[in-house]
Structures are given as structure tokens and as C-alpha cells.
2 protein chains.
Amino acid sequence: MPETTPRNDAAAPTLDEVAAAAGVSRSTASRALNGGLRVSPSAQAAVDEAALRLGYVPNRAARSLVTRRTDSIALIIPEPDERLLSDAFIGGTLRGVGDALARTDLQLVLLLSRKNETADRIARYLRGGHVDGAVITSHHEGDELERVVAASSIPAVFVGRPFDAPRELIYTDVDNVAGARLAVEHLVARGRTRIAHIAGPQDMTAGVDRVKGWRDALSDHGLPADALVHAQFTTASGETAAAELLAAHPDVDGIFAASDTIAVGALRALAAAGRSVPGDVAIVGYDDLDAAQASTPPLTTLHNPVVELAATAVEQLLRLIDSEPGDERVTSIVFPPRLVVRGTT
Amino acid sequence: MPETTPRNDAAAPTLDEVAAAAGVSRSTASRALNGGLRVSPSAQAAVDEAALRLGYVPNRAARSLVTRRTDSIALIIPEPDERLLSDAFIGGTLRGVGDALARTDLQLVLLLSRKNETADRIARYLRGGHVDGAVITSHHEGDELERVVAASSIPAVFVGRPFDAPRELIYTDVDNVAGARLAVEHLVARGRTRIAHIAGPQDMTAGVDRVKGWRDALSDHGLPADALVHAQFTTASGETAAAELLAAHPDVDGIFAASDTIAVGALRALAAAGRSVPGDVAIVGYDDLDAAQASTPPLTTLHNPVVELAATAVEQLLRLIDSEPGDERVTSIVFPPRLVVRGTT
DNA sequence: CTGTTAGCGCTTTCAC
DNA sequence: GTGAAAGCGCTAACAG
């Protein structure tokens, strides 16, 4: 391979060139390349051969211009979220999206929304018709994403239930209320009676729902639901909150943490306070991402099926995109919770 | 706000409509919208006003068709990588890319390459001219990404030094050899003389370089470099490898792990073996992502500036995109290592 | 089954 | 400084 030979494939071949090489018209070539409806076998073969030989790749912009389809979907991620940086949440989401997109030839456009211009830029982008649909993940109450998405009239699916669903927004989620109940039930079954909760951010439905489940289950058992502190979904925040909790409620013998990262922080606070786990205090976390297994001791936790959540969201979005408005096939999907028992309870 | 009023902004306004509303020709409108060169102040104002009022958003496909620019870049992530799922690596990368892209109005297209069709699909996409450039992250020796990228003649920057850089591929990286040396020096300074290494995957330059740094530093001190085991960048794998290490070299008093996730696994193996940390065995990890702080005890580690690495890669890419071939301003950038001392050494 | 004919929305010479 | 005209590469009627 001569090092200095100039590339002769500089310009990408156009459909015209493929058609010429195949000895057919451009339209026939186009048909052949797009499913081959109403194309003679010979023409089809000629076009296929020419396209392959020339290394033809259709120009997406040109196609998009006429089809009014972009063959791409957006994944919207509000960047300020701590989780983006701190846990494996985003990795799982990408994997799910990737899985679901694998069979299609759709492209994934990432919209990292910065704190300031969040809604505005996203709105412009969505209204600009640059994507055929959008999946929105880890959205917060104040971020206007729900409003923007609803107003854009673009097909969209949320990962995680939106705060208010004014016009039947579609979403995928895990049943966080039921999950939290499971956590508490588990602690109760282990004889715990003074069960606290370190809640996550209350501007996300996951945070709110987990509080509710905790409260409900406690109420069912006639146990007090007053030991409640708040934290972000990070280890550092969890540690602080747990210390605060121990100070205010020294008699706590069980903790349900709204995330594994928080639980890991609690583990450290407990160690610092000289309390044994699960001897003095039993802990249950939430998420079952890497942190749960990596912690010492490994965390009992509720599985958060992030990969499936994302994959299902994309599947629903795809369905939504080529469905008539009002089609009742496309619905929100809520996964049941699943408790994973390890060493902390 | 009437709930049932039909949207009248259904179709996105075109440049023609903006021009008409502003009372100028389409070309003048176009000029005004694109920097306003050779446009009278009055015309400029009229166009600006009309665009704003109509909520005009240029059609990217149409523009791209004529400018031969897509105004988007690709982020290529080989999916099989365990890290994608297990640690905060990808989150940091996205954040860096997002930061660098924030000022531009470039779009980010994500290319998750699946194990099988990796090279092929990416190659087609790159050659199709769908993006103006690409950033490639966490690539492995066998994945052909380097070849494909080089062959595509598209501007590209690697995050992490490529395996062989046949035609001066541009990359950003941290000096992993120097980092590993620092780790060993730190252990030596603490009086350790039997220093092992749990290596990462050897099909990534980071893995190879860290082994080299470890070996070099040991050699400098006249210490043996025979206690070497291999692992993936995961906690589970790290635990297994560490157990293996302890069995083969019971006299080890210091461990340099190729990642924090591995180090956390080692911590568990050590605990299982009844060895105290850092009393019996001191440990140094690598990455300084969330795992390092969350572990018990917190890990002494080498900071891996993933956010900066990604941001710098994008900046170099942008520079590369609008530079003449052969421009010597655009170079690879290697960050110096930084040791972060915590509780394990 | 095939080719001809129109554009999709935009930027860009090129005269004026 | 401005508008007319051409055309980017492709698909989609529409006749044949």
C-alpha cells in the first residue's frame, strides 16, 4: 500500500453515480436501495452490485429533506444531575438505548441540557424537527422539560414518571412505591421497629415515591414514620444525612436509603458512630448498580432495571413514532420492584 | 389558554416565510441570519424580528445539504467495555464533551458500537459524511477503530492513546506510565518493599502503560516486579485477581491496582483473607472516580481527569475540523498524573 | 416495472 | 446592499 497515493474516493458517490454504474435511472436505483419495491430482479442486482462496489452511502441530509424524517432520536439528559457523574446510571441507560436501537438504523443524538438554557435550547431543537422523537431521562420538577416536550408535539417517552402528566405523557418506570414498601417489609421481617428513611431529591418522582412507600408500609405496621432525613443521590450527601439522622434519632435500628450511593454514605456514618451493620442497624438501599456490590458489606437493595427502562422507553418511542395519534397500543410501562438480599440486613 | 385550540404553529416556518414577513428576499434573510455580512441594519433588524416572532429554526438538513457540513460530531463508544456499565467513566466523559460543546451549536451523535459489527458500521457512518468529526473513547487493541478512523479521512481525536498511531492520530491522555510510577513511589515511601500490581486489560494502552510504570519504578528501586496478576476494570474481577495474588505471593505488603474498581475488589479479598489495610497491605488505585471516595477505607488513588480529557479532545477536534491539513497547531495532549492520598496507604 | 419531473429548504455565486 | 437563479442529493408522484 503506497503511502503517498492520494485518495481517489475523496467525494462520496451519489445516487446518480450508482444509477449510472448500474445502468438504470436514479429513481430505479432509489427504489432498489429502499426495499426494492417494484424493481426487477436484474435491476435490483445491478444496483446492489454498483452500490457495494462504489461504497455508496446515502446522504442523510438529502433524504431527510424530502422524507421529512431524520431517522434519528434524541436522548435528553439534564446535566446538573449529580447521578450523571456519580454512578453507573447513565451507563446503564446508554446501554439500554443502544440495545433497542441496534436493530434499527436510527441515530442517537445526545442533548445534554445545561443548567441555564435548559428548556429553551431543547425546545428550539425539538421544534426544529431535527429528530423524529425523544427519550427524556432523569428530569426534575422544575426543569420545564415536561412542558417543553408536551408543547413540541414531538413523540416523546420519559424514563421515570414525569411530575405531572398533563396530556398523558408516556413513560417507563419501576414501581418505586412498591419497591420502598418491599424494603420496609424486609426490615420489619428482620425484627426492626425503628425504621428511618434517607430520602432522595424530592424534585424527582422516584424520590417522592420512595418516601411514600416507606411511609405507607410503616403505617400498615403501626410503626412511626418520623425518622426522615433528606439527601442527594451521592455518597457524601448520604453520609452527612445519616449522621444527622443518628443524632436526631439515636434509637434507629433500620434504615431504608433512597439509593445505594446514599446507603454507602450511611454505612460510613454508621461505622464512624461505632454502630455495627446489620447488628445495630440494618440497611436497605436502592438501585443495585455497581455501588451495591462494591460496598462493604454488600448492600441489600432494590433492583432498578435501568437498562430495561431505557430500552423499553426507546421501543415505546419507536412505536409511538409510527402510530396514528390516539393509538392505544402505546402506553406507559411500569416494572415491578425486585429485592436483592445481600449482607446489610 | 384554551385547551382545545388547535396548534397553528404545526409546520415549522421556512426561511421564505421569514423573508416574506421581513419584506426582504430569501437571500438577504439568509445572510442576515448567518452573521449578517453585507446586510443593511434595517434589513437585519427586520429579519431578526421576523425570525423571533415566527419562532424560526433553520432546517439543518437543508443547510447541511448545501454547506456540506453537518454541524455535528460523533462520540464513538465501543459498547463491550465493562466500564461503560460499571463506573462513572462514561458520565465524566459526557460531561466533558458537553462542556466543550456548550458554546458551539454543534450536535452530538452517539455511536455505540456493538461487538459484532463494530468497525463496519462505524466505517460506513464515518464515510457517509454524517458528521464533521469524531471523538473515540475507550477503544481496544482489536477493535479496528484506529484503522477505520484513519481510513475514513475524517477529523478525529482519541481519548486515550491509540495502540499504534500509524498516521499521527491525535489523542488526549493522562500520563499513565508516570502515574503508575507515582503510585509505586508512594508505596515505597511508606516502607513497602513487596509491591504487586493488579493490571487492567492489556488491550488498552492505559492498562499496558500502568504495568510499565509499575515495572520501571520497581526497577529503579531494585525491587522485584514479579507479583503481577490481571483483571478487568471491575470490582468482581479485582477481587478474584487479588485472591489469586495473595495465594501466589503471600508476602505482598503493597498493591497498585490499575483502577479503583479493581482496588475495591482487592479490598474485599484482603478483608476476606484477614489482612488489614493499610496495616498489612497498603493499596493505591487509579481513576479517582466515585468508587475511590465511596470505598471503605477511602482509596489513595491517581486522579484520572476524565472530564478534562474529553473536553480537551473535543476542543482539539474542533480545531482540527477547521484547520488546513498539516496544521501543526493541533497536537495530542497528555496530562500529568496527580496522586490523591486518602486512607489506604 | 421504469424514467421523467418536481421539489424538500437552504446557501451561494452573480449581476445589478 | 440586494435579489434572481442555480443546485446540494434525494424521494415521490406520475405517466408511460
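Per chain, numbering begins at 1; letters A, B, ... match sequence-line order. For clarity, every value in this text was computed on a predicted model and none was experimentally measured.
Taking side-chain N and O atoms only, B:S40 has no distance below 4.0 Å to OP1 or OP2 of D:dG1. Look at B:R69 and you won't find any side-chain N or O under 4.0 angstrom from OP1 or OP2 of C:dT11. Between B:T67 and C:dT11 there is no side-chain N or O to OP1 or OP2 distance below 4.0 Å. Phosphate proximity of C:dT11 to B:N34: present, with a side-chain N or O under 4.0 Å from OP1 or OP2. For B:S30 and C:dT11, the shortest distance from a side-chain N or O to OP1 or OP2 is below 4.0 Å. A close approach under 4.0 Å does occur between a side-chain nitrogen or oxygen of B:Y56 and OP1 or OP2 of C:dC10.
Rounded to an integer number of Å, the gap from CG of A:D16 to C1' of D:dT11 is 12 Å. We find that CZ of A:R60 is positioned 16 Å from C1' of D:dT11, with the value rounded to whole Å. The CZ-P distance, from A:R26 to C:dG7, rounds to 14 Å in whole Å. Atom-to-atom, CZ of A:R68 to C1' of C:dG7 comes out at 10 Å; the value is rounded to the nearest Å. Following rounding to the nearest Å, A:L15 (CG) and C:dT2 (C1') show an atom-to-atom distance of 14 Å.
Contact of the A:L110 side chain with the B:L75 side chain is not registered, since no non-hydrogen atoms from C-beta on lie closer than 4.5 Å.
Mapped onto DNA chain C by nearest heavy atom, B:T28 and B:A62 fall at different nucleotides, with B:A62 at the one closer to the 5' end. Comparing A:V66 and B:V66 along DNA chain D, the residue whose closest nucleotide (by nearest heavy atom) sits nearer the 5' end is B:V66.
Checked by distance alone, B:S27 brings a side-chain donor or acceptor within 3.5 Å of a matching partner on the base of D:dA4. A donor-acceptor contact under 3.5 Å is formed by the side chain of B:R31 with the base of D:dG3.
Nearest heavy-atom pair, B:R69 versus B:I321, reported as atom, atom and distance to 0.1 Å: NH2-CG2, 3.7 Å. The two residues A:T14 and A:Y56 make their nearest non-hydrogen contact at C-CE1, 3.6 Å. The two residues A:G160 and A:H139 come nearest to each other via the heavy atoms O-CE1, 3.0 Å. Scanning all heavy atoms of the two residues, the minimum distance from B:V307 to B:D99 falls at CG1-OD2, 4.1 Å. Contact record, B:A29 with B:V24: N-CG2, 4.0 Å, taken as the closest heavy-atom pair. Closest approach of A:A156 and A:I136 over heavy atoms only: CB-CD1, 3.9 Å.
The listed nucleotides are D:dC10, D:dC8, C:dT11; the one nearest the side chain of A:N59 is D:dC10. With distances taken from any side-chain atom of B:T14 to the nucleotides C:dC10, D:dG1, D:dC10, the minimum falls on C:dC10. Checking C:dG9, C:dT4, C:dT11 against every side-chain atom of A:L65, the shortest atom distance belongs to C:dG9. The nucleotide whose nearest atom lies closest to any side-chain atom of B:P58 is, among D:dG3, C:dC10, D:dT2, C:dC10.
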Practice task
Take B:Q107 and A:L111, measure what side-chain contact (heavy atoms from CB on, under 4.5 Å) needs, and give me the verdict at the end.
Solution key: CA-CA 8 Å; B:Q107 233 48 59; A:L111 254 42; 3.3 Å; yes

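Nucleic acid contact class of A:R38 (heavy atoms, under 4.0 Å, all strands): base. Across all strands, B:A61 comes closer than 4.0 Å to no nucleic acid atom at all (heavy-atom distances).
Note on the helix from C:dC1-D:dG16 to C:dC16-D:dG1: angle between the axes of the first and last five pairs equals 30°, rounded to 10 degrees.
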